[in-house]
Amino acid sequence: QVQLVQSGGGLVQAGDSVRLSCVFPSRPFGAYVIGWFRQGRGEERNFVAGISWSGTSTDYDDSVKGRFTISRDSAKNTVYLQMNDLKPQDTGLYYCAADSSSAEIKTSRWYYDSWGQGTRVTVSS
């Protein structure tokens with residue numbers, strides 16, 4: 001397991017934008033697939049977006065396609081989740097996670113072995 005440190009989030013209004021950041025440690029051999037997950041109150045932790053170690057491959061849940069963008073700055077060991085046109089249903093705890101064993105983006109939380117501390121995003125209508 002590795003330590004992931006998240007930042008960003010907060011209380012915003014519908015239609016606003018927020019950027020989340022996730023810093024991960026350097027890895028001498030290979031790199032991590034990084035995913036973002038969202039957990040609403042009383043809900044499961046669900047996949048939102050993921051990015052390959054190279055940054056050339058991304059995947060999104062249908063609910064955020066066209067609104068959210070995941071990107072990676074390898075020089076800073078940071079992955080970003082840019083969230084635009086936020087909706088009340090985007091409200092929840094957002095977690096970044098690292099999959100250190102695969103080069104493919106997985107949408108199931110069980111493939112990810114390290115997790116950030118979580119950051120809350122609340123979207124008011």
Side-chain angles (χ1 to χ4, degrees):
Q1 291 188 349
V2 297
Q3 184 177 14
L4 307 177
V5 180
Q6 299 179 219
S7 61
L11 174 61
V12 298
Q13 293 186 332
D16 284 352
S17 298
V18 167
R19 189 177 78 165
L20 305 181
S21 300
C22 175
V23 180
F24 55 92
S26 298
R27 190 182 187 191
F29 303 105
Y32 309 100
V33 167
I34 300 292
W36 284 97
F37 290 77
R38 175 173 66 208
Q39 188 167 16
R41 192 180 301 277
E43 298 178 356
E44 296 288 323
R45 194 173 297 185
N46 295 315
F47 177 82
V48 174
I51 190 165
S52 63
W53 70 269
S54 66
T56 57
S57 179
T58 59
D59 192 14
Y60 298 92
D61 183 75
D62 287 344
S63 66
V64 306
K65 282 181 180 177
R67 300 189 297 121
F68 290 13
T69 302
I70 189 170
S71 61
R72 185 177 194 131
D73 186 337
S74 295
K76 296 182 178 180
N77 288 342
T78 303
V79 169
Y80 303 99
L81 184 66
Q82 178 67 42
M83 305 187 293
N84 298 330
D85 189 24
L86 282 161
K87 304 178 185 300
Q89 53 264 44
D90 296 319
T91 294
L93 273 171
Y94 283 74
Y95 295 89
C96 67
D99 176 1
S100 59
S101 61
S102 174
E104 298 179 1
I105 301 169
K106 303 295 199 315
T107 59
S108 171
R109 60 172 293 190
W110 303 110
Y111 288 96
Y112 293 80
D113 44 63
S114 301
W115 292 83
Q117 79 275 21
T119 185
R120 183 169 295 280
V121 175
T122 302
V123 184
S124 63
S125 57

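Throughout, residue positions are numbered sequentially from 1 according to the sequence presented. Note that the coordinates shown come from a computational prediction; the quantities given were computed from them, not determined experimentally. Values below: every heavy atom of this structure, side chains too, minus hydrogens, waters and symmetry copies.
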| query | Does the pair D59 and T107 meet the rule for a side-chain contact (heavy atoms from CB on, under 4.5 Å), with working shown? | reply | CA-CA 9 Å; D59 192 14; T107 59; 3.6 Å; yes

| request: Apply side-chain contact (heavy atoms from CB on, under 4.5 Å) to F68 and V18, showing your working. | output: CA-CA 10 Å; F68 290 13; V18 167; over 6 Å; no

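Each of F37 and Y94 belongs to its own hydrophobic cluster when Ile, Leu, Val, Met, Phe, Trp and Tyr are linked at side-chain heavy-atom distances under 4.5 angstrom. Under the 4.5 Å side-chain heavy-atom criterion for Ile, Leu, Val, Met, Phe, Trp and Tyr, V64 and F47 are members of distinct hydrophobic clusters. Note on V121 and L11: separate hydrophobic clusters, where clusters join Ile, Leu, Val, Met, Phe, Trp and Tyr whose side-chain heavy atoms are under 4.5 Å apart, directly or indirectly.
For the pair K106/V33, no side-chain contact is recorded, criterion being any heavy-atom separation below 4.5 Å from C-beta on. Side-chain contact between R45 and W115: present, with at least one pair of heavy atoms (C-beta onward) separated by less than 4.5 Å. With contacts defined as side-chain heavy-atom distances shorter than 4.5 Å, the pair Q82/S17 qualifies. No side-chain heavy atom of M83 sits under 4.5 Å from any side-chain heavy atom of V48.
Atom CD1 of I105 is separated from atom OH of Y60 by 9.0 Å, given to the nearest 0.5 angstrom. A distance of 6.5 Å separates CZ in R67 from CG in L86, rounded to the nearest 0.5 Å. Interatomic distance, D16 CG to S124 OG, rounded to the nearest 0.5 Å: 8.0 Å. Here CD1 of I34 is found 14.0 Å from OG1 of T58. Values are rounded to the nearest 0.5 Å. Taking SG from C96 and CG from L20, the interatomic distance works out to 9.0 Å, rounded to the nearest 0.5 Å. The OG atom of S125 lies 12.5 Å from the NZ atom of K87; values are rounded to the nearest 0.5 Å.
When atom types are taken as modelled, the side chain of T119 and the backbone of G8 share a donor-acceptor pair closer than 3.5 angstrom. Between the side chain of Q117 and the main chain of Q6, a donor-acceptor pair closer than 3.5 Å is present. No donor-acceptor distance shorter than 3.5 angstrom exists from the side chain of Y80 to the backbone of T69, with no hydrogens or angles considered. Listed for the T78 side chain is a donor-acceptor partner under 3.5 Å among the backbone atoms of K76. Remark: side-chain polar atoms of S21 are not paired, donor with acceptor, to backbone N or O of V79 under 3.5 angstrom. Of the possible donor and acceptor atoms, one in the side chain of R72 sits under 3.5 Å from a partner among the backbone N and O of S52. T91 places a side-chain N or O within donor-acceptor distance of the main-chain N or O of V123, the cut-off being under 3.5 Å.
Taking the six-membered ring for Trp and the full ring otherwise, the centers of Y112 and Y95 sit at least 6.0 Å from each other.
The environment of E43 atom CD is dense: over 12 non-hydrogen atoms of other residues, nucleotides or ligands sit within 6.0 angstrom. By the 6.0 Å contact criterion, CD on Q89 is enclosed, its count of non-hydrogen atoms from other residues, nucleotides or ligands being greater than 12.
Salt-bridge formation is not detected for the pair D61/R38: no Lys NZ or Arg NE/NH1/NH2 atom is positioned less than 4.0 Å from an Asp or Glu carboxylate oxygen.
A49 approaches L81 most closely through the heavy-atom pair CB-CD1, 4.0 Å. Contact record, D113 with S100: OD2-OG, 2.8 Å, taken as the closest heavy-atom pair.
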